[in-house]
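Quick notes on the structure that follows.
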Amino acid sequence: MALDMLLARLARLGDRVRTDDAALAAASRDESHLSASLPGAVIFPASTAEVALVAREAHELGVGLVPRGGGTGKSGACLARRDQVVVDFSRMNRILELRTADLYAVVEPGVITAELDRAARERGFMYPPDPASWESCTIGGNIATNAGGPRAVKYGVTHAYVWGLEVVLPGGRVIEVGRRSIKGVGGYDLTSLFVGSEGTLGFITRATVHLVPAAFEVQTAWLSFAAPLLASRAAERVFAAGIRPRMLELVDRVSMDLVRPVSSFRLPEAGAALLVETDGDAALPELLRLAEAAQADDSAVAESETDREAMRRARRLVSPRMKEAFPHKLSDDIAVPRSRMADTLAWAAERAAAAGLRFAAYGHLGDGNLHVNLLCSADELERGAAVRAAVLAHTIEEGGMVSGEHGIGLVKRRELAQQLGPEVVALERAVKSVFDPRGVMNPGKVLD
Ligand SMILES: Cc1cc2nc3c(=O)[nH]c(=O)nc-3n(C[C@H](O)[C@H](O)[C@H](O)COP(=O)(O)OP(=O)(O)OC[C@H]3O[C@@H](n4cnc5c(N)ncnc54)[C@H](O)[C@@H]3O)c2cc1C
């Protein structure tokens, strides 16, 4: 069998090739709703050369390879089948260079995102992309999904911070793309092509990422509203006034009720809330004034870094708490032009109510990117699937994207095809076949 032959050829990697139950089980899940899927083996390379060896041998034998970072993805993109092998990057986790004068760091893909930010902050700099999972996701996974995060509303998503990459291609060739300078043009932008490619084109084995000076005058507040729609309208006023917060997150009543018992910040009893944060010149008092004029009932302003972190943590806890409470929930990370967010949210909530389903929404309102959740029980799933399909179709009609940040993986391939249309899908398939003619890189993901 091809898989056995591959494992025999990789014998020199010793205990970095694992086929024991514990290793297979640990790699069998991500944070999507999909059931566990056991791979045939898990490999833990320690260097680019080892990744290249795996890529060469697997390509020759036609064995599918699935890159894995922190396994926090929500789309099944890092899951493998029994005849495929997971390549886990947890051993390639070094920060190789922190060149603050040149505004970049060079890192291995398994570096945990928050650790890079912490290391940069020790030097007075920051790495802005901050997915709510940043204590457990990796830079490699963030690049492969083009992850966003609460700070994206001011600082942008991962793509804006990826200057250059070292990539191992299927077949084992190692290439370098991109730059180490602030500027640089020449040829097609292959770096960008790898960003968001969900491990379907090659293995990211090293990344040069942009650092920026740490923000000053950070201020954080939690604003209460009677309903999500009012919070959304208040956000529109803030942006219309030219204020650019560095965080503007919606948390609805259901989300607050779930987090309240475990939050050190005392969450208000409100229909909805905005977690807002400003830095630099963006003025919190002006933002609060606008929000009050737009019917904010109450506002709590953090007075210390401990308070600020308690508010941010309350927001970060929403996703895990909701998953715990509603294991069958159907969840999507839709993105629409910001001015369409309020109406899209109302539309989705009405659809859910009409089908008799509980609904919750939270997330990156300032980016027009919300996590909409149908809180189904096991026997409501069929109804939930119909509402979910309608919400995603409506998102496309609104000029939006079926995924704002989590990616396509296994869970949204049909919807992606609807969004892109047949011509673009054909072009994307052609691009894929240039990099991966034998279809061994993360088979079956993104484009079915
Ligand atoms: C509680 C929670 C909160 C979250 N909040 C956010 C958020 O705010 N914003 C956001 O964008 N996402 C969020 N996510 C989703 C998830 O954390 C992100 O998608 C993250 O970028 C995944 O990183 P990872 O290291 O866990 O990658 P994995 O889940 O392991 O893999 C994700 C994809 O990256 C590929 N990949 C991983 N490493 C490499 C590599 N070295 N080379 C090539 N491909 C690779 C995999 O094959 C897969 O396609 C959240 C998830 C959870 C559970």
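Both ligands and their constituent atoms are indexed starting at 1 by order of listing. Model, not experiment: these values are computed from the prediction. For the numbers below, each heavy atom of this structure counts, side chains included, while hydrogens, waters and symmetry mates do not.
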Plane angle bin for Tyr362 and His371 - parallel if under 30°, tilted between 30 and 60°, otherwise perpendicular: tilted

Geometric class of the Phe194/Phe435 ring pair [parallel <30°, tilted 30-60°, perpendicular >60°]: perpendicular

Contact residues of ligand 1, where a non-hydrogen atom lies under 4.0 Å away: Glu31, Pro67, Arg68, Gly69, Gly70, Gly71, Thr72, Gly73, Lys74, Ala77, Cys78, Phe89, Pro109, Pro131, Ala132, Ser133, Cys137, Thr138, Gly140, Gly141, Asn142, Ala144, Thr145, Ala147, Gly148, Gly149, Glu198, Gly199, Gly202, Phe203, Ile204, Ser319, Pro320, His364, Glu405, His406, Asn442

Distance-only polar pair, side chains of Asp279 and Tyr155, donor-acceptor under 3.5 Å: yes

Check ion pair Glu115-Arg94 (N to O, under 4.0 angstrom): no

Distance-only polar pair, side chains of Thr220 and Glu277, donor-acceptor under 3.5 Å: yes

Result of checking Met92, Glu166, Arg206 against Pro109 for side-chain contact (heavy atoms from CB on, under 4.5 Å): Met92

